Amino acid sequence: MPELPEVETMVRGLRPVVEGRKIEKFLRCRCRCKPISASPTFPTISKKVRGCKITAVRRIAKRVVLDLDNDHSMVIEPRMTGLMLLTDPPDTEHLRFEWKLAGRGATKSFWFWDRRGLGTLSLLSSAEIQTKLGPAKLGPDALLMTVNEWGKMCEKTSRPIKVAMMVQKFVAGIGNLYASEILHRAKIHPETPAKSLKKKHTAKLQKFTLEILTEAIRYEGSTLGDGTYRNALNEAGGYQNAHRVYARAGKVCTSCQQTEILRIVQCQRSTFYCPACQPPV
DNA sequence: ATTAATGTTCAGAA
DNA sequence: TTTCTGAACATTAA
């Protein structure tokens with residue numbers, strides 16, 4: 001589920017409550033679902049983080065990173081349905097992990113909740129973060145990517161631009177939903193080979209990626225029809241009301257007010273676009 | 001019963 | 001060798 005804006009919202013929600021406090025205990029919640037994959041194993045992680053202070057909460061691409069005072073970080077990848085919660089969860093049967101915090105008087109907990117259970121947890125040293133989540137594995141963060149970097153990325157692949165935008169090694173943070181939204185705002189057809197895009201196109205990609213993701217963060221992300229995505233206080237996001245194309249197949253385009261939004265499939269994922277506003281190149 | 005769902009990874013094909 | 005596609009992961013809801 002979560003793409004960059006949703007993960008950024010989780011991080012911003014967690015940060016003021018969690019930063020500077022100590023992990024009294026890190027627990028696996030009892031639920032009968034298959035356990036979340038963890039590396040190293042959960043017991044090892046649990047032992048190593050007990051008593052550590054959380055020095056910072058940050059985002060790397062679509063991951064939540066909890067920096068500890070022992071030169072390691074807990075990295076949570078929410079994938080499709082994972083949530084970081086400071087309050088009561090949508091249901092208790094998909095709670096996965098609980099962090100019990102000490103300090104500042106009362107004990108406080110926060111949780112990882114994941115319905116489908118595709119999320120992951122890992123404990124990485126700062127060196128491992130460099131190798132596993134560094135420039136060798138991830139492209140520039142979508143919010144920081146320059147026009148020049150967009151140009152370089154598009155030069156080196158002939159894949160359709162929508163597909164290329166979702167390759168985290170090219171640009172980190174964009175997923176299926178925001179890729180469609182960005183291309184619509186940039187008026188670029190999703191099947192255009194990245195290689196054939198000119199400077200004026202890559203300039204638009206930079207501009208509207210920044211604009212849309214920033215706006216989505218301001219709205220605290222997108223909560224789709226199934227209602228899964230929630231911020232740290234279990235509240236729905238608001239950006240879904242601003243979507244121009246995502247999940248709007250068959251509806252009239254809000255830009256041209258004439259043409260119906262189409263749905264196509266690229267790499268097993270739905271793409272939505274307006275054939276009038278985004279004509280083939 | 002079938003299908004699709006905001007993500008990533010891996011095997012095998014091109 | 002590199003690049004790319006489809007299946008798999010686990011669960012739910014329409």
Side-chain angles (χ1 to χ4, degrees), chain A residues 1-10 31-39 59-64 75-84 89-96 112-122 132-133 136-139 142 153-183 191 193-195 209 212-213 215-217 219-231 236-250 263-272:
Chain A
M1 164 206 297
E3 301 181 30
L4 185 152
E6 290 77 26
V7 178
E8 181 63 28
T9 302
M10 294 177 190
C31 72
R32 32 179 139 213
C33 318
K34 282 213 164 168
I36 295 290
S37 94
S39 83
R59 176 182 62 77
I60 296 182
K62 300 177 190 171
R63 296 160 180 84
V64 175
V75 178
I76 299 100
E77 227 186 309
R79 300 251 177 127
M80 294 293 261
T81 51
L83 301 177
M84 299 299 296
D91 65 55
T92 49
E93 85 210 53
H94 298 101
L95 277 177
R96 309 293 182 150
F112 179 62
W113 179 95
D114 190 352
R115 193 178 45 180
R116 284 170 72 177
L118 298 175
T120 65
L121 167 75
S122 47
K132 295 186 179 177
L133 302 178
K137 294 287 174 74
L138 294 172
M153 157 187 158
C154 289
E155 266 172 29
K156 69 185 176 198
T157 180
S158 54
R159 301 179 84 172
I161 182 59
K162 152 67 162 50
V163 175
M165 288 168 79
M166 293 177 59
V167 176
Q168 301 300 298
K169 208 173 172 168
F170 292 162
V171 47
I174 299 174
N176 200 43
L177 190 166
Y178 292 102
S180 283
E181 291 296 325
I182 292 164
L183 288 173
E191 290 177 302
K195 221 177 250 183
T209 295
I212 287 188
L213 296 182
E215 205 178 327
I217 291 170
Y219 282 84
E220 306 212 322
S222 301
T223 298
L224 299 184
D226 70 356
T228 302
Y229 171 69
R230 304 272 147 172
N231 69 12
Y239 194 68
Q240 63 282 359
N241 300 317
H243 292 174
R244 316 271 178 110
V245 288
Y246 188 81
R248 297 193 71 252
R263 171 187 181 268
I264 59 173
V265 174
Q266 296 177 288
C267 280
Q268 311 166 281
R269 312 298 301 275
S270 294
T271 301
F272 300 89

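All heavy atoms count here, side chains included; hydrogens, waters and symmetry mates do not. A quick note: this is a predicted structure, and the numbers were derived from the prediction, not measured.
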Original post:
Which dot-bracket string fits DNA chain C when only Watson-Crick or G-U wobble pairs with both atom distances under 3.5 Å count, crossing pairs get [ ], and | stands for a partner on a different strand?
Top reply: .||||||||.||||
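With values rounded to the nearest 0.5 angstrom, A:Arg96 atom CZ is found 8.5 Å from A:Trp113 atom CH2. Taken to the nearest 0.5 Å, the NZ atom of A:Lys62 stands 14.5 Å off from the CD1 atom of A:Ile60. The distance from atom CZ of A:Arg32 to atom CD of A:Glu93, rounded to the nearest 0.5 Å, is 7.5 Å. Atom CD1 in A:Ile76 sits 10.0 Å away from atom CE in A:Met10 (nearest 0.5 Å). We find the CG-CD1 distance between A:Leu4 and A:Ile174 to be 8.0 Å, quoted to the nearest 0.5 Å.
As rounded to whole Å, 16 Å separates atom P of C:dT11 from atom CG of A:Leu83. At whole-Å resolution of the value, CG in A:Asp91 and P in C:dA13 are 9 Å apart. Taking atom NZ of residue A:Lys162 and atom C1' of nucleotide C:dT5, one finds them 14 Å apart after rounding to whole Å. The distance between atom CG of A:Leu118 and atom P of C:dT12, rounded to the nearest whole Å, is 12 Å. Computed from coordinates, the A:Arg96 CZ to C:dT11 P distance equals 7 Å when rounded to whole Å. Following rounding to the nearest Å, A:Gln266 (CD) and C:dG6 (P) show an atom-to-atom distance of 12 Å. Atom CE in A:Met80 sits about 8 Å away from atom P in B:dA5, given to the nearest Å. Atom CD1 of A:Ile76 and atom C1' of B:dT8 are 17 Å apart (whole Å).
One side chain, A:Tyr178 or A:Glu6, offers a donor N or O that lies under 3.5 Å from an acceptor on the other.
Taking the nucleotide of DNA chain C with the nearest heavy atom to each of A:Gly117 and A:Thr157, the more 5' of the two is matched to A:Thr157. Sequence order on DNA chain B of the closest nucleotides to A:Glu77 and A:Arg263 puts A:Arg263 first from the 5' end. Comparing A:Gln268 and A:Phe170 by the nucleotide of DNA chain C whose heavy atom lies nearest to each, the residue mapping closer to the 5' end is A:Phe170.
Look at A:Lys34 and you won't find any side-chain N or O under 4.0 angstrom from OP1 or OP2 of C:dC9. Note on A:Arg115: every side-chain N or O is 4.0 Å or more away from OP1 and OP2 of C:dA10. Dashed line: the shortest gap from a side-chain N or O of A:Ser37 to OP1 or OP2 of B:dT9 is not under 4.0 Å. The side chain of A:Arg159 places an N or O atom within less than 4.0 Å of a non-bridging phosphate oxygen (OP1 or OP2) of C:dT5. Between C:dT12 and A:His94, a contact under 4.0 Å exists linking OP1 or OP2 to a side-chain N or O.
Within the nucleic acid shown, A:Thr120 has no heavy atom closer than 4.0 Å to any nucleic acid atom. Backbone-only contact: A:Ser270 has heavy atoms under 4.0 Å from sugar-phosphate atoms and none from a base. Note on A:Leu224: a base of the nucleic acid sits closer than 4.0 angstrom, heavy atoms only. Among the protein residues, A:Gly175 comes within range of the sugar-phosphate backbone only, with heavy atoms under 4.0 Å from sugar or phosphate atoms but none that close to a base.
Comparing C:dA10, C:dC4, B:dT8 against the side chain of A:Ser158 picks out C:dC4 as the nearest.
With P as the reference atom, B:dT8 and C:dT12 are 22 Å apart, rounded to whole Å.
If you run side-chain contact (heavy atoms from CB on, under 4.5 Å) between A:Pro90 and each of A:Thr228, A:Leu83, A:Thr81, only A:Leu83 comes through. With respect to A:Thr271, the side-chain hydrogen bond (donor to acceptor under 3.5 Å, both in side chains) criterion is satisfied by exactly one of A:Gln266, A:Glu191, A:Arg263: A:Gln266.
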